[in-house]
Amino acid sequence: MIVLQVIWLLLLFGITGAVFILFADDYYYHRKLNTMENAFEYLKNTDISRIDHSDLRIMRREEQGVKFIIADENFNCVYTSNTSKTAEKTQAQIERKIISKVRHYKTEFKKRNHKFMIKGYGMIIQDEHTYYVYIYERKLNSKIHFSYYQLFFGIISLLALVVGVAVSYLIADRISKPIRRIEKVAGNAVENDFDVKIDENQEFAELSGLARSINIMMAQIRNQMKELEQELEHKSMVEEKRRNFVNNVSHELKTPLAIISSQVEMLQLIDDDEKRKEYCSSIMEETKNMANLINDMMFIYSAQNEEAKIELEEENIGNLVKETCTKYKDLFLNENIILHQEYDEDCFARINKRYFEQAFDNYITNSVKHSDKNGNVYIRVISKKDFVRIEVENEGMPVPEENRDKIWDMFYRGDVVETLQGQKGSGLGLYIVKSIIALHGGKYGFDNLEKGVVFWIELPKSNC
């Protein structure tokens with residue numbers, strides 16, 4: 001079928017091409033001169049003094065490449081197709097085309113096919129006024145050939161289509177039926193249904209290969225879309241975290257900055273040395289609060305952005321907790337709090353040491369901050385079957401049940417802002433714990449007791 005179609009088209013296009021080369025130019029010029037003559041006849045029956053560029057018949061001829069120059073008996077321009085030209089250039093054109101050859105203008109329309117131009121000219125008398133009409137088109141062989149190439153070869157294409165359809169209909173119908181079945185199934189992908197699967201057992205081997213290729217393509221698209229969705233979700237989450245980070249830092253820094261600013265202004269106004277010392281002490285306190293806040297926020301931002309690449313190593317949790325408690329020996333002593341420690345030996349878990357210490361530090365400072373005066377704090381490392389449990393218990397007021405979830409939120413401080421050694425809490429401690437333990441795949445929480453509260457962490461055990 002394909003060979004016959006090729007032979008037929010080559011023969012048809014060959015004959016048509018020869019006809020085009022031999023007769024197309026003459027045909028074009030003849031038709032163009034007739035168009036000009038018809039335009040001249042139209043102008044004879046039209047009020048030339050009222051003609052303008054809105055005249056549809058003139059516009060249609062100008063769209064075909066024909067241009068007009070019309071002058072009155074005083075050789076003033078009445079109409080010209082070249083509206084872009086200046087009046088001087090238009091008048092110069094009238095002198096060349098009309099005035100210099102006015103003796104040749106008669107009432108009959110004369111047509112000429114010159115080497116570089118097709119033209120016609122004549123004189124029209126209306127209402128005792130004489131009008132000189134010059135109609136022309138410059139020859140552009142490329143334009144002519146292209147225009148009639150489209151015409152002739154459009155006809156050929158139509159003939160080839162008719163013959164081709166008639167010759168190949170029976171064969172194409174047999175081939176197209178299984179293709180239509182494949183198309184119907186694959187068309188579901190337009191509705192974003194990429195879970196479709198095409199039967200690969202087709203009548204033709206080529207169609208079986210096509211069905212197999214489409215199934216592979218669908219599987220690859222499903223995988224790529226899934227990866228893309230995950231990537232977009234991750235980027236959106238990172239961007240949201242970054243935006244919240246900036247907003248929260250700017251909001252939280254406003255208060256201490258305002259306090260420092262007002263106190264600096266007061267320092268400039270007072271002469272009392274004692275008052276000056278109080279204001280200086282307050283400024284230093286607010287500065288420490290700001291430093292702690294910034295450190296905490298930077299730690300949170302770092303932890304959030306390292307979620308996908310946090311490095312874990314196996315550590316002895318008991319030994320690590322002991323070392324951390326040693327750093328806070330003076331704190332417990334200054335606050336008159338007795339520390340009690342209980343450890344199960346050799347409890348190991350995979351952790352990031354720096355992050356875990358930060359979380360445990362927050363539990364310790366919270367226990368001291370909320371303990372009763374001369375109270376007790378109990379720290380335990382307990383070995384369970386599948387996890388290691390770290391507990392920090394203090395004697396003091398229980399956490400209200402309505403705040404059970406709120407205390408883990410960023411910047412939540414409760415009804416009263418507690419202080420530890422003169423430093424205000426930032427409201428980030430438990431949020432840091434929450435973020436870090438989530439990175440480790442562990443659990444966190446607290447339980448109210450009869451005499452206080454116990455906060456706990458559970459980490460998956462690696463070896464015990």
Side-chain angles (χ1 to χ4, degrees), residues 292 295-335 337-371 375-396 407-408 420-421 423 425-426 428-447 449 452-464:
N292 292 335
N295 290 335
D296 288 344
M297 290 300 296
M298 293 303 298
F299 186 90
I300 290 172
Y301 186 73
S302 174
Q304 289 175 340
N305 283 277
E306 291 182 9
E307 182 173 352
K309 55 182 180 180
I310 183 173
E311 295 182 0
L312 304 178
E313 295 182 357
E314 188 174 75
E315 297 283 351
N316 187 319
I317 302 301
N319 292 342
L320 191 59
V321 170
K322 286 180 184 178
E323 294 174 6
T324 305
C325 289
T326 302
K327 296 188 302 182
Y328 289 95
K329 181 178 180 181
D330 292 338
L331 176 63
F332 286 105
L333 184 61
N334 292 336
E335 298 293 329
I337 295 174
I338 301 174
L339 175 64
H340 305 269
Q341 302 180 63
E342 300 177 17
Y343 299 96
D344 288 345
E345 296 297 329
D346 302 324
C347 291
F348 290 85
R350 289 184 57 78
I351 62 171
N352 182 289
K353 185 176 179 181
R354 180 171 70 94
Y355 285 174
F356 174 79
E357 288 180 345
Q358 179 74 11
F360 186 65
D361 285 349
N362 282 296
Y363 267 5
I364 290 181
T365 54
N366 273 353
S367 69
V368 175
K369 184 188 301 182
H370 298 285
S371 288
N376 296 280
V377 170
Y378 302 88
I379 294 178
R380 309 179 187 92
V381 177
I382 305 170
S383 175
K384 298 291 185 179
K385 181 179 179 181
D386 299 319
F387 58 87
V388 177
R389 182 180 175 98
I390 302 96
E391 294 182 352
V392 179
E393 176 185 343
N394 67 277
E395 295 177 348
I407 64 172
W408 305 100
L420 180 61
Q421 292 185 339
Q423 297 183 21
S426 65
L428 294 174
L430 293 181
Y431 180 80
I432 290 176
V433 174
K434 170 185 172 181
S435 301
I436 292 174
I437 302 307
L439 292 178
H440 287 78
K443 299 179 180 179
Y444 59 90
F446 74 91
D447 296 305
L449 306 176
V453 183
V454 57
F455 280 82
W456 51 267
I457 296 172
E458 293 179 354
L459 298 173
K461 184 186 293 184
S462 60
N463 181 31
C464 186

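Because only heavy atoms are used, hydrogens play no part in the values below, and waters and symmetry mates are left out as well, while side chains stay in. As the structure is a computational prediction, the values presented were derived from the model and not from experiment.
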Output, in order, the C-alpha distance, side-chain angles, deciding distance and verdict of salt bridge (charged side-chain N to carboxylate O under 4.0 Å, His left out) for R380 and E393.
-> CA-CA 9 Å; R380 309 179 187 92; E393 176 185 343; 2.6 Å; yes
Start with the C-alpha gap between Y355 and F360, add the side-chain angles, then the distance that decides, and say whether side-chain contact (heavy atoms from CB on, under 4.5 Å) holds.
-> CA-CA 9 Å; Y355 285 174; F360 186 65; over 6 Å; no
Given the rule in the side-chain contact (heavy atoms from CB on, under 4.5 Å) test, do I351 and E313 qualify, once you have shown the distances and angles that lead to the verdict?
-> CA-CA 5 Å; I351 62 171; E313 295 182 357; over 6 Å; no
Any chance you could lay out the side-chain contact (heavy atoms from CB on, under 4.5 Å) test for I364 and T324, step after step, and finish with the verdict?
-> CA-CA 9 Å; I364 290 181; T324 305; 4.2 Å; yes
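In this structure, CG on L339 lies 4.5 Å from CZ on F332, to the nearest 0.5 angstrom. In this structure, E458 CD and D386 CG are separated by 10.5 Å, a value rounded to the nearest 0.5 Å. Taken to the nearest 0.5 Å, the CD1 atom of I379 stands 10.5 Å off from the NE2 atom of H340. Between atom CD1 of residue I432 and atom CD1 of residue I437 there is a gap of 12.0 Å, rounded to the nearest 0.5 Å. Separation of atoms CG (N366) and CZ (F455) is listed at 6.5 Å; rounding is to 0.5 Å. To the nearest 0.5 angstrom, I317 atom CD1 is 10.5 Å from K353 atom NZ.
Under the 4.5 Å side-chain criterion, counting only non-hydrogen atoms from C-beta, D361 is in contact with Y328. I457 places none of its side-chain heavy atoms less than 4.5 Å from the side chain of R389. You'll find the side chain of L439 stays beyond 4.5 Å of the side chain of S435, heavy atoms only. Residues D447 and V453 form no side-chain contact, since every pair of their non-hydrogen atoms from C-beta on lies 4.5 Å or further apart. Under the 4.5 Å side-chain criterion, counting only non-hydrogen atoms from C-beta, E335 is in contact with L331. Side-chain contact between F356 and I436: absent, with no pair of heavy atoms (C-beta onward) separated by less than 4.5 Å. Residues E342 and V381 fail the side-chain proximity criterion, which asks for heavy atoms closer than 4.5 Å. Using a 4.5 Å cut-off on side-chain heavy atoms (C-beta onward), Y378 and E395 make contact.
Across all their heavy atoms, N362 and T365 have their closest contact at O-OG1, 3.1 Å. Among all heavy-atom pairs drawn from K434 and Y444, the shortest one is CG-OH, 3.2 Å. A pairwise comparison of heavy atoms in P460 and G442 identifies CD-CA, 4.2 Å as the closest pair. For C347 against V388, the heavy-atom pair with the smallest separation is CB-CG2, 3.9 Å.
Side chains of E314 and S462: a donor on one and an acceptor on the other come within 3.5 Å.
Under the 6.0 Å cut-off for aromatic ring centres, W456 and Y363 do not qualify, their centroids lying 6.0 Å or more apart.
Both cation-pi conditions hold for K322 and Y343: the charged atom is under 6.0 angstrom from the six-membered ring centre and inside a 45 degree cone around its axis.
Judged by distance alone, with hydrogens and angles left aside, the side-chain atoms of D344 form a donor-acceptor pair with the main-chain N or O of S383 at under 3.5 Å. Between the side chain of H370 and the backbone N or O of N394, no donor-acceptor pair lies under 3.5 Å. Panel note: side chain N352, backbone E311; a donor-acceptor pair is recorded below 3.5 Å.
Residue K327 places its NZ atom among more than 12 non-hydrogen atoms of other residues, nucleotides or ligands, all under 6.0 Å distant.
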